[in-house]
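Structure record follows, encoded as structure tokens.
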Amino acid sequence: MPATGQPKVDELIARIDEAVAITEQKGCCEAVKQVLEDVVRSGEEFIGAEFMRPAEGCYARRLLHKDPAGRYSVLVMVWDVGQGTALHDHAGQWCVECVYRGRIEVESYDIHGGEDDPVVDFSKERKVFAGPGEAGALIPPFEYHTIVNASDQPSVTIHVYAGELTWCNIFAPVEGGYRKQRKELCYTD
């Protein structure tokens, strides 16, 4: 990370440390959301170039910070033109996502069926377009969504997860609905 951005990254981490001290989940997420919006809206460039490169064939997922106490992790994701996710969850973890550069489309879904059902169905709940400094929270059980780059250039988002998200469930379309599949997650480069 270039020295010019490190003070802002340090501020971001210190403020998230304070926000996650709120034990009530919704309050914690609202506090993290406010921190992300404030820091990104400052207009100061603080994400280093090594985090901002798109990846070939899929979105880039890079670890910016992992809380030593395991309370949260901060990731930078880069979405090249046309890149997005499958319908997925966050394995029961809350998440706050904020656009750093570009524009994204987030579509949320309601699940129909039980956790152990082999096939579930979804109904589209809401579609949101977000630009720089706009953030949203996904709090289980309302965590099912897709993300797509809605720009003609790469978009960059910052994600704060309740811990380190090492896997999630993706939902593959099958006859009669969607089948849940566990997906192991890794970091880019």
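We number each residue from 1, following the sequence as shown. Hydrogens, waters and symmetry mates are skipped; everything else that's a heavy atom, side chains included, is used. Being a predicted model, the structure only gives us computed values, none of them experimental.
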So Glu97 and Ile147, do their side chains get closer than 4.5 Å, heavy atoms only?
yes
If the plane angle is over 60° it's perpendicular, under 30° parallel, otherwise tilted; pick one for His145 and His88.
tilted
Could you tell me if the side chain of Tyr100 sits less than 4.5 Å from the side chain of Met52, heavy atoms only?
yes
Got Tyr59 and Asn149 here, is their nearest side-chain heavy-atom distance under 4.5 Å?
no
Treating Ile, Leu, Val, Met, Phe, Trp and Tyr as nodes and any side-chain heavy-atom pair under 4.5 angstrom as an edge, say whether Ile170 and Val106 lie in one connected cluster.
no
Give a yes or no on whether Phe46 and Ile16 share a hydrophobic cluster (residues Ile, Leu, Val, Met, Phe, Trp, Tyr; joining criterion: side-chain heavy atoms under 4.5 Å apart).
yes
How far does CG of Asp89 sit from SG of Cys95, to the nearest 0.5 angstrom?
11.5 Å
Does the side chain of Pro118 reach to within under 4.5 Å of the side chain of Arg179, using non-hydrogen atoms?
yes
Close side-chain approach of Leu12 to Val35, heavy-atom, < 4.5 Å
yes
Taking NZ, NE, NH1 and NH2 as the nitrogens, is one of them in Arg53 or Asp189 under 4.0 Å from a carboxylate oxygen of the other?
yes
Please report the interatomic distance CD1(Ile13) to NZ(Lys8), rounded to the nearest 0.5 Å.
12.5 Å
In terms of relative ring orientation, are Tyr161 and His159 parallel, tilted or perpendicular, with 30° and 60° separating the classes?
parallel
Polar side-chain atom of Asp17 near backbone of Ala14 as donor-acceptor pair, under 3.5 Å:
no
Under a 4.5 Å side-chain heavy-atom rule over Ile, Leu, Val, Met, Phe, Trp and Tyr, are Tyr72 and Leu165 clustered together?
no
Which heavy atom of Ala55 sits nearest to which heavy atom of Thr188, and what is that distance?
CB-CG2, 4.0 Å
Beyond-backbone contact of Ile158 with Val39, side-chain heavy atoms, under 4.5 angstrom
no
Contact check, side chains of Asp67 and Val20, non-hydrogen atoms, under 4.5 Å:
no
Got a sec: does the CZ of Phe122 have more than 12 other heavy atoms crowding it under 6.0 Å?
yes
I need the Arg62 CZ to Leu75 CG distance, nearest 0.5 Å.
10.5 Å
Presence of salt bridge, Glu45 and Arg101, under 4.0 angstrom:
yes
Indicate the atoms forming the closest heavy-atom contact of Phe51 with Leu63, along with that distance.
CE2-O, 3.3 Å
When the aromatic ring centroids of Phe171 and Tyr109 are compared, is their separation below 6.0 Å?
no
Determine, for Asp38 against Arg15, whether the closest basic-nitrogen to carboxylate-oxygen distance falls under 4.0 angstrom.
yes
One should read off an interatomic distance between Ser108 OG and Glu143 CD, to the nearest 0.5 angstrom, of 12.0 Å
Quick check: is Leu138 connected to Val99 through a chain of hydrophobic side chains (ILVMFWY, heavy atoms under 4.5 Å apart)?
no
Is there a side chain to side chain contact (heavy atoms under 4.5 Å, CB included) between Arg61 and Leu185 once you walk through the steps?
CA-CA 9 Å; Arg61 187 174 185 271; Leu185 301 172; 3.6 Å; yes
Sidechain N-carboxylate O distance under 4.0 Å for Glu30, Lys26:
no
Common cluster, Leu87/Ile104, ILVMFWY with side-chain heavy-atom separation under 4.5 Å:
no
Give, for atom SG of Cys168 and atom NZ of Lys180, the distance between the pair rounded to the nearest 0.5 Å.
11.5 Å
Kindly indicate whether the side chain of Tyr144, heavy atoms from C-beta on, has any atom under 4.5 Å from the side chain of Asn169.
no
Backbone of Ser123 reached by a side-chain donor or acceptor of Asp110 within 3.5 Å:
no
Non-hydrogen atoms of Trp94 and Val160 that approach each other most closely
CZ3-O, 3.6 Å
Does a salt bridge link Lys66 with Glu164, judged by any charged N lying under 4.0 Å from a carboxylate O?
yes
What's the separation between atom CD in Glu134 and atom SG in Cys98, rounded to the nearest 0.5 Å?
8.5 Å
If you take all heavy atoms of Pro132 and Val40, which pair is closest and at what distance?
C-CG1, 4.4 Å
Return yes when atom CD of Glu184 has more than 12 non-hydrogen atoms of other residues, nucleotides or ligands closer than 6.0 Å, and no otherwise.
yes
Heavy atoms of Asp121 and Gly177 approach each other most closely as OD1-CA, 4.2 Å
Of the non-hydrogen atoms in Val96 and Cys29, which two are nearest, and what is the gap between them?
CG2-O, 3.6 Å
Counting distance only, does the side-chain N/O of Ser73 pair as donor-acceptor with the main-chain N or O of Gly163 below 3.5 Å?
yes
